[in-house]
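First comes the structure, then the notes that go with it.
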Amino acid sequence: MNTEDVLIVGGGPVGLFMGICLHHHGIPCTIIEQRTETVKESRSLGIHPVSLELFEKLGIVDEFLKSGINVEKGIAHNGTKEIGSIDFKSCPTPYQYILINPQFETERILRDRFLNLNPDSLINGAEVIGLEEEFGCVSLTIKKEGKEHTLEAGYVIGCDGKSSFVRKAAGIGFRGKRYPDSYIMGDFEDSTSYGSDAVVYLTKEGLVECFPLPNQKRRWVVKTSDYISEPTPELIAQLIKDRVSKEVDPASNSMVSGFGVSHFIADHFVKDRILLAGDAAHVVSPIGGQGMNLGWLDAWHLANVMSFCRGISKDLPIADLFVYEAKQRPIAKKVTRRAAFNMSLGKKTILHPFRTALVKAMLKKPFHDKMAKLFTMRGLEEVGF
Ligand SMILES: Cc1cc2nc3c(=O)[nH]c(=O)nc-3n(C[C@H](O)[C@H](O)[C@H](O)COP(=O)(O)OP(=O)(O)OC[C@H]3O[C@@H](n4cnc5c(N)ncnc54)[C@H](O)[C@@H]3O)c2cc1C
């Protein structure tokens, strides 16, 4: 490879989007991904308007709009009655909704686009096992089909997720903590009359939330007191019935999983010729659904900074790349605070009547539009919450 080129480690949603953004700026790149197949386990669903605006700039928004569901309203419920709602129609046009798309479908669209733009630049089934920085370049050792190979490039971007090899090999610290909270989730046939609305139940016993999915399904997420790695559909259905009196049919279940939550942030997003984006740079609580969207904002800003620096010199001035870290690290911290706030609203509490009154007030004017802004990832570059 040419030492002006970029190697992206990780072909998840952020690595693929990073590749599309670099291509947009005419910066050659190759993605190295250890998987050979798409992970069918479903994680992220929510795609926020800020990301849809970026997709529009890159000419890929129509694909997303075709395959997803628009959530225009989020209803808040206290377990016995509706206490308010957020109407995303108060958000700036044209994307006055949160788009719901399963992560494997999101990755498929991004991968197809990347391959369309760069047919030979995605190496699958290759694990990065070594990284060395030499004068003027970075060299990666990859293992593919039992054989080791070396690749060199001017810059390496670690988009290799929360356990990032690139971050560890570069000696970049990752600070944060695990929250005591844990959740179980499952996809069931949609037996509710909520249509395309999302519903958040803030019950005495803890959060229950549900989101529409394509094919008449609905995802339910339930807060639990202890971490349960492999919940049964029956357990999820029982907890939903006990807390919010809704019947879901365990026989219609197509996915279950349990997850704990944490927040971590890398000490640096830039170290010499090594850069980090997505979960490799920061992990935020998935309650509120912002981690992947935050990673896309990283990728967009990083590609802009790299393109700007490249305009000055083909060998990117490393000092200037720090602009990326200076801008994106505070944004990641802000998203972490917002995600923690979302999570705190859903805790089990004896102050249930007080919380109901607080949320009711927050969803009325003059706070309603501010809440819509918070839940759609707006105002991240402004001072304050
Ligand atoms: C239950 C749950 C729900 C969520 N819901 C949402 C949501 O609604 N909205 C949202 O924005 N976010 C959500 N998130 C967060 C979101 O899933 C992550 O932020 C997102 O997947 C991060 O993408 P990434 O590409 O940075 O990392 P990953 O998705 O982890 O991808 C990293 C990629 O790198 C590859 N890789 C790793 N190491 C190597 C190596 N050494 N060599 C080669 N390849 C390697 C991996 O195989 C993988 O493909 C949710 C998370 C969870 C757990």
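The structure displayed is predicted, hence computed values, not measured ones. Just follow the structure's listing: the first ligand is 1, and inside any ligand the first atom is 1.
Of all atoms in ligand 1, listed by their number and element, those nearer than 4.0 Å to a heavy atom of Pro13 are 21 (O), 23 (O), 25 (O), 29 (O). Near Asn293, meaning under 4.0 Å from one of its heavy atoms, ligand 1 places the atoms 9 (N), 10 (C), 11 (O). Near Cys159, with a cut-off below 4.0 Å to any heavy atom, the atoms of ligand 1 are 32 (C), 33 (C), 34 (O). For ligand 1 and Pro286, the ligand atoms under 4.0 Å from any heavy atom of the residue are 2 (C), 3 (C), 4 (C), 50 (C), 51 (C), 52 (C). In the vicinity of Leu45, heavy-atom distances shorter than 4.0 Å reach the ligand 1 atoms 7 (C), 8 (O).
Gly295 does not count as a contact of ligand 1, since none of its heavy atoms falls under 4.0 Å from the ligand. In this structure, His48 does not count as a contact residue of ligand 1, since none of its heavy atoms falls inside 4.0 Å of the ligand.
Any N or O atom pair closer than 3.5 Å counts here, and Met292 shares at least one such pair with ligand 1. Considering backbone and side-chain N/O atoms, Phe259 never comes within less than 3.5 Å of an N/O atom of ligand 1.
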Between side-chain atoms of residues 196-209 and protein atoms elsewhere (two or more places apart, or another chain), which donor-acceptor pairs fall under 3.5 Å?
| from | atom 1 | to | atom 2 | distance (Å) |
| --- | --- | --- | --- | --- |
| Tyr201 | OH | Tyr194 | OH | 3.0 |
| Thr203 | OG1 | Glu205 | N | 3.2 |
| Thr203 | OG1 | Gly206 | N | 3.2 |
| Thr203 | OG1 | Gly206 | O | 2.6 |

Side-chain donor-acceptor pairs under 3.5 Å in residues 166-177, sequence neighbours left out?
| from | atom 1 | to | atom 2 | distance (Å) |
| --- | --- | --- | --- | --- |
| Arg167 | NH1 | Lys162 | O | 3.1 |
| Arg167 | NH1 | Ala280 | O | 2.9 |
| Arg167 | NH2 | Lys162 | O | 2.9 |
| Lys168 | NZ | Ser163 | O | 3.2 |
| Arg175 | NE | Asp267 | OD1 | 2.7 |
| Arg175 | NE | Asp267 | OD2 | 3.4 |
| Arg175 | NH2 | Asp267 | OD2 | 3.0 |

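Shown here for Pro13 and Glu107, the closest heavy-atom pair between the two residues is CD-OE2, 3.2 Å.
A donor-acceptor pair under 3.5 Å is absent between the side-chain atoms of Glu127 and the main chain of Ile129, judged by distance alone.
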